[in-house]
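Each remark here refers to the structure printed beneath this line.
Within every chain, numbering begins at 1; the chains are lettered A, B, ... in the order of the sequence lines, protein sequences first and strands thereafter. No hydrogens, no waters, no symmetry mates; every other heavy atom, side chains included, goes into these values. Values in this document were obtained by computation on a predicted structure and should not be read as measured data.
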Amino acid sequence: MTTKSLEQQLKEWFGFEQFREGQKESIESVLAEKDTVTVLPTGTGKSLIYQYCGYHLPGTVLIVSPLLSLMDNQVMQLKMRGEKRAAALNSMLSFEERNFIEANLNQYKFLFVSPEMLQSQRLQEKLTRLKIGLFVVDEAHCISQWGLDFRPEYLFIGEARKRLGNPRTLALTATAPLAVINDILQYLELKEQDTTILRYDPNRKNIYYQVTEVSNQAKNETLLELLKNYPPPGVIYFSSKAQAENVSQWIRQQTSLRVDTYHADRSNEDRTTIQRQFLRDELDLICATTAFGMGINKQNIRYVIHYHLPGSIEEYLQETGRAGRDGEQSMAALLYSREDFAFKYRKSQETDLNETFLRLLQSKKGKNMPLLSDSDQGMFQIIQQQRMNLSESQIFIEERLKERKEKVVRMKDFVEAKTCKRSIISAFFDHELIERPDWCCSNCQPDASHLVLSLRTKGEQTREGERDRTLWKEKVKLLFQL
DNA sequence: CGCCTGGCACATATGTGCCAGGCGGTGCTATATT
């Protein structure tokens, strides 16, 4: 370790006076040559941890990242800070670009890859010859949340990591209950006793958690009421793309809000445009599916509404956690109907991996395999990889379905609970809630009309402030004939 | 999950009660390759 304190170097390298919660502890653990799993709320600067460590350690920092847009963002951020030795290795590159990066791997300090790319034989061979100072898995809950469902490559990161000679590893995520931590350890092949596990409460003090039970017939009207009262910008989450489209259209007819939709059926160009407009406050509201959110770095989202029941408490916290990054008071409202639960419950138990299918798999007539649904992909790959026999497969599938079911049931229990929602959230992530904010949840303060009112007035003020600022900018532009 | 329905047994000849089975407005999430 150098003589300079970690804080001094933070100032030198990043220009910050002090670390935020969790950053220093994670850095110290990594620098003490320990594998580290850090669970830290969104927007608290998780990427600083590996960037900082990168400058302390010899060799390359290899970051496994779930989204192309996330990789691009990170590379751009690093470059803007003057770090040119950063690149994202993915399918967006031209043949020449990819060849160039692969031929000069050791020239890079920060290298971003997708889990899929990491599985490439060719790349793995090249990476074994590279000095990897730190192996990072960003958004590590994807291992559990996506790997076991539709992106099986997430489950084989550990294998790749082993082949690269067990480099020191850092896994980062915002929300992980114990079960997810265990999945992360298991699939990254980290030993629990040798790993530092740092967990911080994903509970956000400045978010008021509101849960309202409302029939499906009354839902749109209830929503409209919220939209009239809440100051933008906001996000509404839906369980289906069609519903997101329909309701956004309806909102457009009913209000003067500037609304657009965001889901997997929108083109990449549209998605980028919508994100950019939203970031610049040129859109008030986004009607989205779960596709929206990861890597969205917008500070002033005032509310997140769930039109449907989220699939799990983790998902709920990730999505509501996108509100109020600026620390200002914000709202999370969940509109819950019993049918939502029924739907989620039923879907969670649907699978094509029945006995007939498994027998077909065993008899190795794989050529005529029926096409699997997305949510079966992960299970199927594990069954294949571990060469499970019929009864082993059946037990495995049964367990998985049970886990899926429990997630939805836990979410329902949360919604129907008559006790403090915030306490339930904390307990879910194994934290004890020490103090409640003035505006806690719809069970602690059932009447939130005052909160909404103060939010609205404040929102109006800031928007006027922003308008003034833009006007001022326009004047300056005119003055200097820009 | 929870509600509804149809079938069956039972006690009595038309109604009650219980249980098994089905279904409900809607799945969502990404990378890579050619």
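The shortest distance between the side-chain N/O atoms of A:Arg271 and the OP1/OP2 oxygens of B:dA30 is below 4.0 Å. The side chain of A:Ser91 places an N or O atom within less than 4.0 Å of a non-bridging phosphate oxygen (OP1 or OP2) of B:dA32. Checking the phosphate oxygens (OP1, OP2) of B:dG25, no side-chain nitrogen or oxygen of A:Arg346 falls inside 4.0 Å. Contact check, A:Thr289 against B:dG27: no side-chain N or O comes under 4.0 Å of OP1 or OP2. One finds a side-chain N or O of A:Ser114 lying less than 4.0 angstrom from the OP1 or OP2 phosphate oxygen of B:dA32.
A:Phe414 has its ring centre less than 6.0 Å from the ring centre of A:Tyr316.
Here B:dT26 presents its C1' atom at 12 Å from CZ of A:Phe238, a figure rounded to the nearest Å. Taking atom NZ of A:Lys407 as the reference point, atom P of B:dT29 lies 17 Å away to the nearest angstrom. Atom CD in A:Glu350 sits roughly 12 Å away from atom C1' in B:dG24 (whole-Å rounding). Here the C1' atom of nucleotide B:dG24 and the CD atom of A:Gln243 are 13 Å apart, to the nearest Å. Per the geometry, CD belonging to A:Glu245 stands 15 Å off P belonging to B:dG27, to the nearest Å. A:Leu309 has its CG atom 17 Å from the P atom of B:dG25, to the nearest Å. Note: NZ (A:Lys347) to C1' (B:dG27) measures 6 Å, nearest angstrom. Protein atom CG of A:Asp265 is 11 Å distant from nucleotide atom P of B:dA30, rounded to whole Å.
Comparing the P positions of B:dC19 and B:dA11 gives an interatomic distance of 15 Å, to the nearest angstrom. Nucleotides B:dG27 and B:dT5 place their P atoms 24 Å apart, quoted to the nearest Å. Between B:dG25 and B:dA30, the distance separating the two C1' atoms is 27 Å to the nearest Å.
Cation-pi check for A:Lys421 over A:Tyr209 is not met; the charged atom does not lie both under 6.0 angstrom from the ring centroid and within 45 degrees of its normal. Under a cutoff of 6.0 Å and an axis angle of 45°, A:Lys412 and A:Tyr345 do not form a cation-pi pair.
Pairing of B:dT26, defined by two Watson-Crick or G-U wobble distances under 3.5 Å, is not identified with any nucleotide. When Watson-Crick and G-U wobble pairs are counted only if both distances are under 3.5 Å, B:dT12 pairs with no nucleotide at all. Nucleotide B:dA32: unpaired (no Watson-Crick or G-U wobble partner with both distances less than 3.5 Å). With a 3.5 Å ceiling on both atom-pair distances, the Watson-Crick or G-U wobble partner of B:dG6 is B:dC19.
Partner of A:Thr60 under the side chain to side chain contact (heavy atoms under 4.5 Å, CB included) criterion, out of A:Asn106, A:Leu111, A:Leu127: A:Leu111 alone. Shown are A:Lys162, A:Arg161, A:Arg163; of these, the salt bridge (Lys or Arg N to Asp or Glu O under 4.0 Å) with A:Glu159 is made only by A:Arg163.
For the pair A:Met92 and A:Ala264, nearest-nucleotide mapping onto DNA chain B gives the more 5' position to A:Ala264.
At the heavy-atom level, A:Asp149 lies nowhere under 4.0 Å from the strands shown. Contacts of A:Met294 with the nucleic acid, taken as non-hydrogen atoms under 4.0 Å apart, are absent. Within the nucleic acid shown, A:Lys344 comes within 4.0 Å of at least one base atom, counting heavy atoms only. At a threshold of 4.0 angstrom between heavy atoms, the contacts of A:Ala342 include nucleobase atoms, whether or not backbone atoms are also involved. Residue A:Pro115 is out of contact with every strand shown, counting any heavy-atom pair closer than 4.0 Å.
For A:Phe341, counting side-chain heavy atoms from C-beta on, the closest listed nucleotide (B:dT31, B:dC1, B:dA32) is B:dC1. Considering only the side chain of A:Arg338, B:dG2 comes nearest among B:dG2, B:dC28, B:dG25. Closest to the side chain of A:Asp340, out of B:dG25, B:dT31, B:dT29, is B:dG25.
Residue A:Phe343 and nucleotide B:dT26 are classified as a stacked aromatic pair, their ring centres being separated by less than 5.5 Å at an interplanar angle below 30°.
One donor-acceptor pair, N or O on each side, does fall under 3.5 Å between the base of B:dG25 and the side chain of A:His308.
Using cut-offs of 30° and 60° for the angle between ring planes, the A:Tyr50 and A:Phe112 rings count as perpendicular. In this structure, A:Phe292 and A:Phe278 have perpendicular ring planes: the angle between them is above 60°, well past the 30° mark.
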